[in-house]
Structures are given as structure tokens and as C-alpha cells.
Amino acid sequence: MAPLKLEDPKTKYPQPPFKSQSQPWPGLAGKMDPAPDHGEKSYKGSGRLLGRKALITGGDSGMGRAAAIAYAREGADVAINYLPAEEQDAQEVVALIKAAGRKAVAIPGDLRDETFCKQLVEKAVAGLGGLDIVVNNAGRQQTHASILDITTEQFDWTMKTNIYAPFWIIRAALPHLQPGSCIIGTTSEQATDPTPDLYDYAQTKAATTNYVRSLAKQLAPKGIRVNGVAPGPIWTPLQVSGGATQEKLMQFGGQTPMGRPGQPVELAGIYVQLAASDGSYATGQVYGSSGGAGMP
Ligand code: NAD
Ligand code: MG
């Protein structure tokens with residue numbers, strides 16, 4: 001094997017300024033400029049998840065897509081959930097999972113609905129022939145300068161997506177999870193260092209970090225691990241479909257010591273590490289990736 005080339009993390013990926021751009025929510029990765037890197041061309045597996053069966057919400061784009069590609073290339077069959085409006089992104093992921101020689105199950109639907117969350121788990125179990133990795137990654141983030149701009153409907157939307165859906169999914173999944181299985185939540189540096197324009201979103205991430213820690217204690221005796229991933233600013237559709245102001249977007253990631261946003265692929269290895277059985281002593285942990293600023 002040839003030695004790997006050293007890469008300077010500062011200049012490895014695009015830096016601000018970025019072009020002003022916005023898409024109707026939930027946005028498509030395929031329409032972002034520059035295109036996010038989910039590891040399509042770069043992620044190499046080494047059998048770390050051979051035979052595993054994973055369900056990933058928000059698996060069409062962003063961190064969920066990076067995790068889906070990496071899981072498949074590590075040998076897992078993967079079910080992804082996404083919104084019907086994201087079919088185009090989702091089909092690209094399905095093709096990538098299949099190209100890795102694994103089974104892909106596409107399950108569109110809105111996670112704000114409890115009945116759908118239950119069906120999602122049942123469809124994933126049926127499609128994959130079991131379930132042992134659950135990644136609660138889907139999220140709703142909309143920037144609002146003032147708490148006065150957040151309607152009860154918007155607040156409820158954020159809570160339903162970010163807090164209720166993982167609760168419903170975990171409850172439905174638990175009876176299927178054998179010892180050695182794991183649950184992963186995508187939280188955020190916002191959990192501990194919230195920005196003023198994300199009043200509702202940031203508190204859902206504090207809740208996510210908290211459920212990771214409580215559930216880890218509850219499920220360790222059953223041999224099920226629960227961990228979280230806390231990204232900093234990552235170049236994903238969520239940011240260009242209402243998650244950030246245009247001013248923030250054009251300088252996105254520029255405030256970090258690294259001077260640029262992260263790309264979804266840079267977190268793929270964390271999702272793999274937290275799911276792989278060689279990481280078996282890690283539970284109740286939150287692993288960060290934020291370019292040098294922010295805390296997990
Ligand atoms: P993304 O837009 O690529 O992924 C979010 C996904 O959530 C969407 O693809 C969509 O499929 C799903 N989703 C949203 N509402 C849904 C609903 N009602 N029903 C079903 N699916 C729904 O963006 P991303 O940044 O990769 O987001 C993934 C996770 O990362 C989110 O939990 C987000 O809060 C978190 N996060 C992102 C950043 C960042 O800077 N991008 C930073 C910290 C945490
Ligand atoms: Mg998406």
C-alpha cells in the first residue's frame with residue numbers, strides 16, 4: 001500500500017467567502033455551491049461494520065448521508081429516512097449504498113408524526129431483516145433573530161423533529177435491539193454554546209446531549225450503547241434552507257480556528273467509530289468535530 005499523502009486540514013476543503021444562496025426548506029445537497037463532500041469519492045471501508053443493519057434518519061444529505069456511505073462501505077445494510085421532497089438526494093444515496101454491495105432501504109416520511117416513526121422502524125426491520133444501529137440524525141434548524149419571531153407552530157415543529165421523533169423511534173426500535181447494538185444521536189456544539197438566533201434549536205440539542213447521557217446509563221445493563229456526535233458549522237442543506245442568515249452563510253465557518261466549515265465526510269469516521277464493536281467501552285459520550293471552536 002502506498003503511504004497516505006499528508007493533507008493540511010486548513011486548506012483541504014472550501015473556505016469562505018461563499019456565494020449567497022438559499023433554497024426552499026429542506027434543501028438539496030445536489031443544488032449547493034460548492035457541492036458538499038459526503039465521502040462519495042473518498043471514503044474507504046475496512047469491514048468495521050460487516051453484517052450490521054443500520055437505520056439513519058436524514059440519510060439523504062449532510063452528516064446522515066456521510067454516515068450512510070461510510071456504513072455501507074464498512075459492510076452494513078442501510079435504511080435511510082428523509083422527506084418526500086428530498087427523493088433526488090435520497091436516490092443518489094441508495095445508488096451509493098448499492099454500489100458498495102449492500103442492501104439499501106429508502107423510507108420517505110415525516111418524523112413529526114408518531115405513527116410514521118413507528119412504521120419507519122417496522123419497515124427498516126422488515127427491509128433489513130433486523131436492526132442493530134439506530135442513528136437519530138434528522139434535524140430542523142431555522143434562524144430567528146428574536147424569540148418574538150418564533151411562532152408556536154415553528155417552536156412545535158422544531159421540538160417534534162428534534163426531540164419527539166428520536167423518542168418515538170428509540171421506543172419502537174428498542175424491542176429489536178440485541179446486546180451489542182447502538183444508538184447514535186446527532187447533537188451540536190449548540191447544546192453547550194448556543195448562538196442567539198437559534199433559541200429553539202439550541203435547546204433541542206441540549207436535550208439530545210442529555211438523552212444520550214441518561215439513556216446510556218439506562219441501556220448499558222442491556223448491552224446497548226448510546227452516544228452522540230456534536231458537529232460545529234458543517235456545509236449542509238440545513239444551512240442554506242433557513243438555518244443561517246445570508247450574512248452568516250457567506251462567512252460560514254470562517255470564525256473557527258480552522259477558518260472554514262467542516263464537510264460531512266469529515267464526521268463519517270466518528271459515526272463509524274461509535275457504531276463499531278471495537279469502540280465497545282464508549283457509551284454516554286459525545287464526540288465533537290468543530291474546527292477548533294465550540295465544545296461537544
Ligand atoms: P441536512 O439538511 O443535510 O440533514 C437534515 C435532515 O433532516 C434532512 O435531510 C431531512 O431529511 C431531515 N428532516 C428534517 N425534518 C424532517 C422531518 N420532519 N421528517 C423527516 N426528516 C426530516 O443537514 P445536516 O446539517 O446534515 O443535519 C443533520 C443533523 O446535524 C441535524 O440534527 C442537525 O441539527 C445537526 N447539526 C448540523 C450542523 C451543521 O452545521 N450543519 C451543526 C450541528 C449539528
Ligand atoms: Mg436533506
Side-chain angles (χ1 to χ4, degrees), residues 23-32 36-38 56-68 80-93 106-114 116-117 120 135-143 156-166 168-169 184-195 198 200-209 228-244 248-249 252-253 256 260-268 270-271 286-291 293-296:
Q23 295 183 39
W25 181 86
L28 290 174
K31 290 196 173 150
M32 289 178 71
D37 185 347
H38 310 89
I56 304 173
T57 64
D60 59 300
S61 58
M63 266 70 82
R65 177 174 182 152
I80 59 167
N81 162 252
Y82 51 93
L83 289 159
E86 299 172 304
E87 191 62 42
Q88 191 183 318
D89 274 355
Q91 284 310 321
E92 289 176 13
V93 178
I107 314 171
D110 194 325
L111 295 173
R112 288 176 294 166
D113 178 18
E114 180 173 7
F116 172 72
C117 286
L120 169 64
V135 182
N136 285 304
N137 165 76
R140 164 91 173 166
Q141 172 186 320
Q142 294 284 296
T143 176
D156 195 54
W157 191 333
T158 307
M159 299 299 143
K160 283 275 160 32
T161 313
N162 299 4
I163 300 183
Y164 279 77
W168 292 326
I169 289 170
I184 297 169
T186 302
T187 176
S188 171
E189 60 179 7
Q190 292 284 331
T192 49
D193 189 11
T195 46
L198 295 173
D200 55 342
Y201 172 83
Q203 61 184 287
T204 68
K205 293 302 170 175
T208 303
T209 291
V229 181
I234 313 297
W235 190 246
T236 70
L238 172 140
Q239 301 292 355
V240 301
S241 59
K248 190 170 168 186
L249 199 66
F252 199 60
T256 67
R260 65 166 179 86
Q263 294 293 326
V265 65
E266 296 182 278
L267 289 87
I270 303 177
Y271 287 90
V286 176
Y287 289 8
S289 182
S290 57
M295 298 287 283

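Start at 1 and go down the list; that is how both ligands and their atoms are numbered.
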[X] to ligand 1: N or O pair under 3.5 Å?
X    : result
Y82  : no
L238 : yes
W157 : no
R140 : no
L111 : yes
M63  : yes

Between [atom1] of [X] and [atom2] of [Y], what distance do you get to the nearest 0.5 Å?
X    : Y    : atom1 : atom2 : answer
Q263 : S289 : CD    : OG    : 11.0 Å
N137 : R65  : CG    : CZ    : 13.0 Å
Y164 : L111 : OH    : CG    : 15.0 Å
R140 : T204 : CZ    : OG1   : 11.5 Å
E266 : S290 : CD    : OG    : 11.5 Å
L198 : Q141 : CG    : CD    : 4.5 Å

Per-atom contacts of ligand 1 with [X], taking only distances under 4.0 Å to non-hydrogen atoms:
X    : answer
I234 : 39 (C), 40 (O), 41 (N)
G62  : 3 (O), 26 (O)
P231 : 42 (C), 43 (C), 44 (C)
S61  : 1 (P), 2 (O), 3 (O), 4 (O), 9 (O)
P233 : 40 (O)
N81  : 20 (C), 21 (N)
G232 : 38 (C), 39 (C), 40 (O), 42 (C), 43 (C)
W25  : 15 (N)

Would you call W157 and Q142 a side-chain contact if the rule is heavy atoms closer than 4.5 Å?
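W157 vs Q142: side chains apart.
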
Any side-chain heavy atom of M63 sitting closer than 4.5 Å to one from I234?
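In short, these two side chains touch, coming nearer than 4.5 Å.
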
Is the Mg ion (ligand 2) less than 2.8 Å from at least one N/O/S atom of Y82?
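Checking the Mg ion (ligand 2) against Y82, no N, O or S atom falls under 2.8 Å.
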
Short N/O/S contact of D89 with the Mg ion (ligand 2) (below 2.8 Å):
no

Can [X] be said to touch ligand 1, with heavy atoms closer than 4.0 Å?
X    : result
P264 : no
K205 : yes
Y201 : yes
T187 : yes

Nearest non-hydrogen atom to atom 22 (C) of ligand 1 belongs to which of L83, I107, D113, L120?
L83

For atom 25 (O) of ligand 1, which candidate among N136, T236, T158 provides the closest heavy atom?
T236

Donor-acceptor contact present, side-chain [X] to main-chain [Y], <3.5 Å:
X    : Y    : result
E189 : G288 : no
Q190 : T195 : yes
D60  : D89  : no
N162 : K205 : no

Step by step, work out the side chain to side chain donor-acceptor pair (under 3.5 Å) result for Q88 and E92.
CA-CA 7 Å; Q88 191 183 318; E92 289 176 13; 4.7 Å; no

In terms of residue, atom name and distance, what is the protein heavy atom nearest to [atom]?
atom                    : result
atom 39 (C) of ligand 1 : Q239 NE2, 3.2 Å
atom 6 (C) of ligand 1  : G58 CA, 3.8 Å
atom 8 (C) of ligand 1  : E86 OE2, 3.2 Å
atom 15 (N) of ligand 1 : T161 CG2, 3.5 Å
atom 13 (N) of ligand 1 : A138 CB, 3.8 Å
atom 7 (O) of ligand 1  : G139 N, 3.2 Å
atom 31 (C) of ligand 1 : N137 O, 3.1 Å
atom 35 (C) of ligand 1 : T186 CG2, 3.6 Å

Could you tell me which non-hydrogen atom of [X] sits nearest to which non-hydrogen atom of [Y], and how far apart they are?
X    : Y    : value
P26  : P237 : O-CB, 3.8 Å
N81  : I107 : ND2-O, 2.9 Å
D110 : L83  : CA-CD2, 4.0 Å

Tell me, please, whether W235 has R260 positioned over its six-membered ring: NZ or CZ under 6.0 Å from the ring centre and within 45 degrees of its axis?
no

Run the numbers on T186 and Y271 for side chain to side chain donor-acceptor pair (under 3.5 Å), then give the verdict.
CA-CA 9 Å; T186 302; Y271 287 90; 2.8 Å; yes

D60, N/O/S atom nearest the Mg ion (ligand 2):
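D60's closest N, O or S atom to the Mg ion (ligand 2) is named OD2.
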
Nearest 10°: the angle subtended at the Mg ion (ligand 2) by E86 OE2 and S61 OG?
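Taking the Mg ion (ligand 2) as the apex, I get 170° for this pair.
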
Classify the contact between E189 and ligand 1 as side chain, backbone, both or neither, using a heavy-atom distance cut-off of under 4.0 Å.
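No part of E189 comes within reach of ligand 1.
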
